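Before any comments, here is the structure.
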Amino acid sequence: MTAIPLGVPRRLVEFTLDGQEARVPEGSTVLDACRAAGKDVPTLCQGDTLTPKNACRVCVVEVEGSRTLVPACSRRAEPGMEVRTDTERARHSRKVVLELLASSVDLSTTPGAAEWIRDYGAEPDRFGPGAARLDEVPRVDNDLYVRDYDKCILCYKCVDACGEQWQNSFAISVVGRGFDARIAVERDAPLTDSACVYCGNCVEVCPTGALSFKSEFDMRAAGTWDESAQTETTTVCAYCGVGCNLTLHVQDNEIVKVTSPHDNPVTHGNLCIKGRFGYQHVQNRG
Amino acid sequence: MDLRFGDSKPTDEERAAVDALLGPPESSWEGADRSDADLRWARGGRAARDRRDLLLPGLHAINDRIGWISEGALDHLCRRLTVPPAEAYGVATFYAMFSVRPRPATVLHVCTDLACTAAGAQRLCEGVEARLGPGSGVSVERAPCLGLCERAPAALAVRAGDPVRTAVSAPATVEAAVLAASAPDSAPEEPPAVLAVPQAGDPSLSLLRRVGVVDPASLDDYRAHGGYAALRRAFELGPAGVIREVTDSGLLGRGGAAFPTGRKWQATASQPDRPHFLVCNADESEPGTFKDRVIMEGDPYALVEAMTIAGYATGAHRGYLYLRGEYPRAVHRMQCAVDRARTRGLLGDDVLGQGYAFDIEIRRGAGAYICGEETALFNSIEGYRGEPRSKPPFPVEKGLFGKPTAENNVETLVNVLPILTAGAPAYAAVGTARSTGPKLFCVSGSVERPGVYELPFGATLGELLTLAGVRRGLRAVLLGGAAGGFVRPDELDIPLTFEGTREAGTTLGSGVVMAFDDTVPLPRLLLRIAEFFRDESCGQCVPCRVGTVRQEEALRRIAERTGAAAADDIALLREVGRAMRDASICGLGQTAWNAVESAVDRLGAYE
């Protein structure tokens, strides 16, 4: 199968994917090619609106001639490359990486994690009850969003979204080193004492629920969060003239959170504080 | 970018430390008092952000003067360099030598790594901690390898102030280490570098021949002993000629990866993108390695000359010498050599009157093994966290500041001098067909004469150990440091070449040879290796960040166990180790399991 995006035609790169001929436009990643061919390669830190960081290593595949496995999300397809996505070697690494992650952080709100853990036969418990975990309490220091680093897999997406890739606020960074590395604002202060401008674009890209809307966090705590009962309506933000798309997530006739379509050519999923969080007036019924 | 700073103000001393490095601020936009002109001019923008690479020197300036980095000091530095405080905080917390919490002005780093542990570092630490408890004004920190393995156990005292003072105690006793920490100025001077070269005076030496012979402070002395003959020859040959000579010599990189140097230089030189950079990796932090230190302390001009030749060949006009922060004497001697070479026209706009401009900037590391990884080193110089980049693109294409960069280890560069003075054929005649030239080995542990040895490639491990006076009861030899592998006492006929060690299923790495006799508890040693990697993992990728922790936990569980009782955890170690080797971003995670695996398989450590 061939992936053909809209836009200026690009040259096609021909290579072998699991023994099959594959053709993708120049510049495509191996992951793009896998998805176009309908292959399920798990990813956690890869984001559709961000430059891949390839930090989580669950998307590793085998490339002929490469000493180590390579991350499919960031390796560009090259002519003549021979890629194998489902070898014992790649599956072993994915399984262990899932075990390492699930044994150190809470993946309960990570979409896809439970299925991959089952599919790859990962056993996160086998490191024993004494295995080091993050074990941090959620940080609730403002009314808009909550940071629960017990769920953080250090994918760097929030750092990139807050920094030069989108928001240019540079309020978030990785601090410390190794297992003690954490996502934090300057001096690891409360959010209210930081450079955060509450655009919520970090929440938008967080793949695990480590960053979540205060509304969602509270409803989950109360046991009332029910995604199956929610409707999503995409509309246009009314605050200014830019015309950003908003997707309203509504449960029981209440807006419970606001996201933005990533394929929108204007916002690419990004919003400002008003679009993201300023919806309370809609449901003030006096 | 709209930077937001907190309310904390720097103290006068902190401000002075930063301003001494960067010069006084010119406007209120970068931290000066507000003047009328500031109402009409906004300074900042790209020109200010382009100085981001001064972040690490700035953090050093504060840490050297005060001993730790306060909120106000960090904010002031960020304002001066237009760096977001969150990012600068992320950088400051990355390095082991910095602290963002108050601590005493004096820090005593006591090495607890392999050679020092074998030489009784544990007792030293306990003794020092008993004498320098809270209230002593000294913070005692257990440190990874300080690169003083030939004089183990070792301690390094650093007292903040203007200027910062340092004292090394090695081999250290409790009294000597306490004295170094409480009165660094009056501590006895370090022995000369030549004492780390047991072969000193041997006429067969090539790389080490000047160590102990020349005065490391004197450029004239260096020239009187053949210095700068290689650079003159380089100018005769021209850049392409130098690369041809280096390629023909068969020189392979000595930092551990054994990549052909000529090919790296050729690939850098041929890049159309400009400028090109040369980076010398002098961040040797591999436990058991100290050869670069001995060269820089004993023959500093040799490295200056070699870097100039490498810069000339690769089309670079600027070379960065990234020197590990734990080597104060090497930093001092290299700085002195660079300054004098510049004064004498051997660096600067017109090197040797040949119309070639080249200068060297020294950057101090701040305690991070990972910064020896070439791309992590670039990030560190640029003022970012020392996390490795994903490759491709490779440094020869996009390296330092995104430009084509040739990066070489100190020993690799110094080899270029005999290649040019003797010619490629004569150089290639030394050693074996595939491993040419001389090689430096850092021998430490259970030997009578630890130190840096120079042998032609092809000598056996046994010959080297005999030279160093191996003691009775040899239990194991670690080749290549913590990222290398153990071999048994009955494998001493392994030829010390890249191909020979590979065929024997081990690695030469950077040339570490650590001997351990049967008094050294092997499981304790393996645990120390695991602790080392857990401490030094940058934390970027999952296999390494969590894998190193899980491996350490497993080794802790089986520290006292063998046979069937350890089998489960050995299997677990293998599975995690395999994924780390396959899926980690960089060499640190990929090699973290090597030494322990070799101890299990070759030494039967838990049988």
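Because the structure is a prediction, the values reported are computed rather than measured. Each chain gets a letter, A, B and so on, in the order its sequence line appears, and its residues count up from 1.
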* Asked: Is R177(A) positioned over the aromatic face of F94(B), cation under 6.0 angstrom from the ring centre and no more than 45 degrees off axis?
  -> yes
* **Contact origin within Y95(B) toward chain A - heavy atom pairs under 4.5 Å** => backbone
* **chain B contact via V97(A) - side chain, backbone, both or neither, heavy atoms under 4.5 Å** => both
* Asked: Are S194(A) and R4(B) close enough that a side-chain donor and a side-chain acceptor fall under 3.5 Å?
  -> no
* Under 3.5 Å, side chain of T93(B) to main-chain N/O of G176(A), donor-acceptor pair present? -> yes
* Asked: Within residues 580-589 of chain B, which positions have a heavy-atom distance to chain A below 4.5 Å?
  -> R581(B), D582(B), A583(B), S584(B), I585(B)
* Asked: Any Lys/Arg nitrogen of E88(A) or R578(B) sitting under 4.0 Å from an Asp/Glu carboxylate oxygen of the other?
  -> yes
* To do: Tell me, for A92(B) versus chain A, whether the close heavy atoms (under 4.5 Å) come from the side chain, the backbone, both or neither.
  => neither
* Structure fact -> Honestly, the part of A171(A) sitting under 4.5 Å from a heavy atom of chain B is backbone
* Asked: Okay, side chain of R550(B), backbone of A132(A): is any donor-acceptor separation there less than 3.5 Å?
  -> yes
* Asked: If you tally heavy-atom pairs under 4.5 Å against chain B, which of V70(A), V185(A), D193(A) wins?
  -> D193(A)
* To do: Give me the contact list for residues 148-166 of chain A versus chain B, heavy atoms only, anything under 4.5 Å, ordered by residue number.
  => I153(A), L154(A), Y156(A)
* Contact winner vs chain A - E387(B), R385(B), E553(B), heavy-atom pairs under 4.5 Å -> R385(B)
* **Closest non-hydrogen atom pair between A86(B) and S173(A), with its separation** => O-CB, 3.2 Å
* **Which of I172(A), V197(A), V96(A) touches chain B most, by non-hydrogen pairs under 4.5 Å** => V96(A)
* **Residues in residues 568-577 of chain B that sit under 4.5 Å from chain A, counting heavy atoms only** => L572(B), E575(B), V576(B)
* Would you give the length of the straight line joining atom CG of N54(A) to atom CD of Q540(B), rounded to the nearest 0.5 angstrom? => 7.5 Å
* To do: Return yes when atom CG of D48(A) has more than 12 non-hydrogen atoms of other residues, nucleotides or ligands closer than 6.0 Å, and no otherwise.
  => yes
* Within 45° cone of F179(A) ring axis and under 6.0 Å: R545(B) NZ or CZ -> no
* chain B heavy atoms under 4.5 Å from L100(A): which part of the residue, side chain, backbone, both or neither? -> both
* Structure fact -> One should read off an interatomic distance between S8(B) OG and R187(A) CZ, to the nearest 0.5 angstrom, of 5.0 Å
* Side chain, backbone, both or neither of A88(B) within contact of chain A (heavy atoms, under 4.5 Å) -> neither
* **Residue-level contacts of residues 72-84 of chain A with chain B, using a heavy-atom cutoff under 4.5 Å** => S74(A), R75(A)
* Side chain from CB out, backbone as N, CA, C, O: work out which of these in D188(A) comes under 4.5 Å of a heavy atom of chain B, or both, or neither. => both
* **Option that, when pairs with chain B are counted at under 4.5 Å, heavy atom only, ranks first among A131(A), A90(A), C56(A)** => A131(A)
* Taking D75(B), T548(B), D535(B), V542(B) one by one, which has the highest count of heavy-atom pairs under 4.5 Å against chain A? -> V542(B)
